[in-house]
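Here the structure is laid out as structure tokens; the discussion comes afterwards.
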Number of protein chains: 6
Amino acid sequence: MTDVPTIPLVPGNTLITPTPEEGRALALMLARHSVHAMQKQLEVLTNGRAQYSHDPYGLIAASHVVATEFATIAAANNYWKTPSEL
Amino acid sequence: MTDVPTIPLVPGNTLITPTPEEGRALALMLARHSVHAMQKQLEVLTNGRAQYSHDPYGLIAASHVVATEFATIAAANNYWKTPSEL
Amino acid sequence: MTDVPTIPLVPGNTLITPTPEEGRALALMLARHSVHAMQKQLEVLTNGRAQYSHDPYGLIAASHVVATEFATIAAANNYWKTPSEL
Amino acid sequence: MTDVPTIPLVPGNTLITPTPEEGRALALMLARHSVHAMQKQLEVLTNGRAQYSHDPYGLIAASHVVATEFATIAAANNYWKTPSEL
Amino acid sequence: MTDVPTIPLVPGNTLITPTPEEGRALALMLARHSVHAMQKQLEVLTNGRAQYSHDPYGLIAASHVVATEFATIAAANNYWKTPSEL
Amino acid sequence: MTDVPTIPLVPGNTLITPTPEEGRALALMLARHSVHAMQKQLEVLTNGRAQYSHDPYGLIAASHVVATEFATIAAANNYWKTPSEL
């Protein structure tokens, strides 16, 4: 079995991103890195990905985690509101 | 297998929408685009959609993701409150 | 197959309601209209409703979506607090 | 089949309660009344209750809905903080 | 069948606790007391506990309820921030 | 059967952490310590971990709990915003 490299839980150690798109990408990464913190074996992760990513219920459950992470990141960035949108 | 085109995670790269209706539409898109970011193969997505959209539990789970995304977008837009509603 | 009529995602295009009761009714509608946005076929919706509404787990999952939508609507209406309750 | 009487979605049409205990009771009622709004037949509700209330997974899922409703009610009541706790 | 004694939904009828540790303990109690409010029979509760507490999916689902309750309690206590942390 | 040592629910009895990375680690610990509070037997925990950590649905459900805990911790730390990011 091969272990995935130990990666930071929070890439860049900040929740602040320039744009919503980068905030969304961070949300996906946070969710993925949580899983890697709980399961380090690459073969298990690869098999698991093949399974859930071909199952709509797995994709829906995973997208719910991303939505929860994004809510936190969006609040952290004050929803990327421009001065005129405040 | 055909890959769906790479699409932005956050269409328009903003959470700010003129109305709740457009905010709701954005919530649906965010949820869908999360799934596309995790699964790019059109055939897998099409089969998955046929499956969950004909199953009440799949539709309920997906609507829960939309509700979570909408909570974020609504807060971002200060609930589209008009000056008199503030 | 019959398609349900295209209905707005957010009836009245506002989250502001006069009372909590109407806010709760809006939460139920938002949840339902999400499902209709994902599945337009009346026969599928009718069968699905017969299924989940006769299954406690389906009803619990659906009520969880309503609770999530209501949290957003209640915050939008500042919890319908009267001036003396602020 | 007997229909449960039509009951308000939000008993008392307010989220404001004198104490956390009453706020918690309201959360339980909101969750229950959502279910009654989706399923009016007493026999179906009674069978469903017998089922989920004898299954730990059903009780956990239902308690998750109560927790979500309570979060909204607690925020509505500013967490029942006394002046000294503000 | 033996009924568990009727216990308050919110022990102490307050969400305010001196420390995060006590706030976390309260979150566990709120979740448990919700279940007791929905199922009073001790034998059913004991069997159910034996079941979910020996199943990782049951423990994960239950810990999700605790996390949701804790979010409310932490907000109620302004995250137990000391004056210097405000 | 061996019991895990009784450990605090909230390590350090504070939600305040210097960085997002440490906040994320705390979220993982809070989720894990909830489970230990509900199930003390090491053998049961070890078997359960082997099960859910080799199942993508278990890992997704667990990561959803971490996301919920992290939302609380991030809010507690005002999203670790530096003065210039406020």
Side-chain angles (χ1 to χ4, degrees), chain D residues 4 11-12 15-36 38-39 44-86, chain E residues 1 4 6-18 23 26-41 43-80:
Chain D
V4 288
L15 303 185
I16 308 307
T17 69
T19 68
E21 183 76 9
E22 289 154 289
R24 192 76 182 176
L26 178 59
L28 276 152
M29 275 193 277
L30 288 189
R32 218 169 262 148
H33 289 208
S34 275
V35 169
H36 290 196
M38 292 183 267
Q39 175 55 267
V44 173
L45 291 167
T46 309
N47 291 339
R49 192 192 129 70
Q51 200 180 336
Y52 89 82
S53 70
H54 283 74
D55 169 20
Y57 303 93
L59 287 165
I60 290 170
S63 67
H64 203 166
V65 180
V66 173
T68 305
E69 302 281 17
F70 187 64
T72 302
I73 293 164
N77 287 275
N78 198 18
Y79 308 103
W80 299 280
K81 283 192 253 194
T82 61
S84 65
E85 288 164 346
L86 287 176
Chain E
M1 287 282 185
V4 289
T6 303
I7 43 175
L9 294 169
V10 180
N13 207 0
T14 178
L15 303 185
I16 308 307
T17 69
L26 178 59
L28 276 152
M29 275 193 276
L30 288 189
R32 219 169 262 148
H33 290 209
S34 276
V35 169
H36 291 197
M38 293 184 268
Q39 176 53 270
K40 296 210 183 307
Q41 294 176 350
E43 292 77 4
V44 173
L45 292 167
T46 309
N47 292 339
R49 194 194 127 69
Q51 201 180 336
Y52 89 81
S53 69
H54 284 76
D55 169 19
Y57 303 95
L59 287 166
I60 289 171
S63 67
H64 203 165
V65 180
V66 173
T68 306
E69 302 281 17
F70 187 65
T72 302
I73 294 163
N77 287 274
N78 198 17
Y79 308 103
W80 299 281

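Inspection of non-hydrogen atoms places D/Val66, D/Ala67, D/Thr68, D/Phe70, D/Ala71 of residues 65-72 of chain D under 4.5 Å from chain E.
Heavy-atom distances place no part of D/Ala27 under 4.5 Å from chain E, backbone and side chain included. For E/Leu30, the parts sitting under 4.5 Å from any heavy atom of chain D are the backbone and the side chain alike. Only the side chain of E/Ile16 comes within less than 4.5 Å of a heavy atom of chain D; its backbone N, CA, C and O stay farther away.
Taking every heavy atom of both residues into account, D/Tyr57 and E/Tyr52 meet most closely at OH-CA, 3.8 Å. Pairing each heavy atom of E/Met38 with each of D/Arg49, the nearest pair is O-NH2, 2.8 Å. Across all non-hydrogen atoms, the minimal contact from E/Ala37 to D/Leu28 is CB-CD1, 4.1 Å. Closest approach of D/Ile60 to E/Ala62, counting heavy atoms only: CG2-N, 3.8 Å.
Per-residue heavy-atom pair counts under 4.5 Å with chain E were compared for D/His64, D/Glu22, D/His54, and the maximum is reached by D/His64.
The distance from atom OG1 of E/Thr14 to atom NZ of D/Lys81, rounded to the nearest 0.5 Å, is 10.5 Å.
Contact annotation: the side chain of E/Arg32 never approaches that of D/Ser63 to less than 4.5 Å [non-hydrogen atoms, C-beta and beyond]. You'll find the side chain of E/Gln39 reaches within 4.5 Å of the side chain of D/Ser53, heavy atoms only.
The backbone N or O of E/Pro8 sits nowhere less than 3.5 Å from a side-chain atom of D/Arg24 that would complete a donor-acceptor pair.
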